[in-house]
Amino acid sequence: GGNIQLNSSGTITINGIITADGGAGTANNAGGAGGGISITANSIAGTPSSFTAEGGDRGAASAGGGGGGCALINYTTSNTITSSTLSMDGGSGNEIGGAGVLLIKTPSSDGDLYLVSDVAGVDAGIAADLQVDSIFMGSHGFAVTSSARFILDDSTFSNTSTESVLIEDGSTLEFSGGTIENIDLRISTTSIWANNTSTLEIISGSLSLASGATISSTFETVTSSGG
């Protein structure tokens, strides 16, 4: 899907088309992944007529679709781009490509992470270290892979519907809050979950620890309700 970067110390106004879509697969090949889009400015204005970083469709019935791309919106004063502005669906295939990932932030914040796809049930993930204020998963699962470190500053790890979060082998989740809501959290072997509170409340979700997983916190109270 390529890479698009727009940088300005003033205002960037977007009323046209931005496209970083992955190409369709050829022969027996899978579709290409959506590309990367980075926009940094004091103010980001306008309403794009089309703003896409979609995965490409499969080249053959046995191949998979490309995953949705990634986007960074980094502004200081104001911004009109939201998660509903972008289309970041994965491509069609034997397996539909995963959701795209959008980070909206300011220089003084770690930002909000959005999993973006109109296709319910497809997952997304990160493979590099990332710290965010909050995460909005929607109807998508989320994975931390490739020994990455994901730091969530929010006091509640929650979602509007119950979805899975997988911390794969060698990866780390650092979560300073004490409430998990509508999250099925799975910590794999050799993964680390760092938590800085003595109380853990699980609401309409679950916590699963594989043998060998590590939690660097000592809970005095653990409660579960609603599921």
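Every value quoted in this text rests on a predicted model; they were computed, and no experiment measured them.
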*In Å and rounded to the nearest 0.5 Å, what is the OG1 to CD distance from T160 to E181?*
10.0 Å
*asked:* Checking N42 against T77: is there a side-chain donor and acceptor pair closer than 3.5 Å?
replied: yes
_Between D112 and S134: side-chain donor-acceptor atoms closer than 3.5 Å_ = yes
_Quick one about S50 and T52 (side-chain donor to acceptor, distance below 3.5 Å, no hydrogens or angles considered), yes or no?_
no
*Are T221 and T199 close enough that a side-chain donor and a side-chain acceptor fall under 3.5 Å?*
no
_Neighbour count above 12 (heavy atom, 6.0 Å) for Q131 CD_ = yes
*Could you point out which residue of I104, I39, N74 forms a side-chain contact (heavy atoms from CB on, under 4.5 Å) with I44?*
I39
*asked:* Quick check: do I96 and D89 have side-chain heavy atoms less than 4.5 Å from each other?
replied: no
*What is the ring orientation for F219 with W193, classed by angle as parallel under 30°, tilted 30 to 60°, or perpendicular over 60°?*
tilted
*Is there a donor-acceptor contact under 3.5 Å from the side chain of D184 to the main chain of S164?*
no
*asked:* Would the distance check show the side chain of N29 and the main-chain N or O of G59 forming a donor-acceptor pair, the cut-off being under 3.5 Å?
replied: no
*Mind listing the closest non-hydrogen atom pair of M88 and V101 along with its distance?*
CE-O, 3.5 Å
*Side chain proximity check, V222 to L207, heavy atoms < 4.5 angstrom*: no
*Considering residues at least two apart in sequence or located in another chain, which fulfil the side chain to side chain donor-acceptor pair (under 3.5 Å) criterion with S108?*
T106
*Report the residues that fulfil salt bridge (Lys or Arg N to Asp or Glu O under 4.0 Å) with E174, sequence neighbours left out, ordered by chain and then residue number.*
R149
_Flag, side chain of S217 to backbone of T197, donor-acceptor distance under 3.5 Å_ = yes
*V116 and S83: which non-hydrogen atoms are nearest, and at how many Å?*
CG1-O, 3.9 Å
_Backbone of E54 reached by a side-chain donor or acceptor of D21 within 3.5 Å_ = yes
*Does CG in N28 sit with more than 12 non-hydrogen atoms of other residues, nucleotides or ligands closer than 6.0 Å?*
no
*Say whether, by atom type as modelled, one donor and one acceptor occur between the side chain of D133 and the main chain of G111 under 3.5 angstrom.*
yes
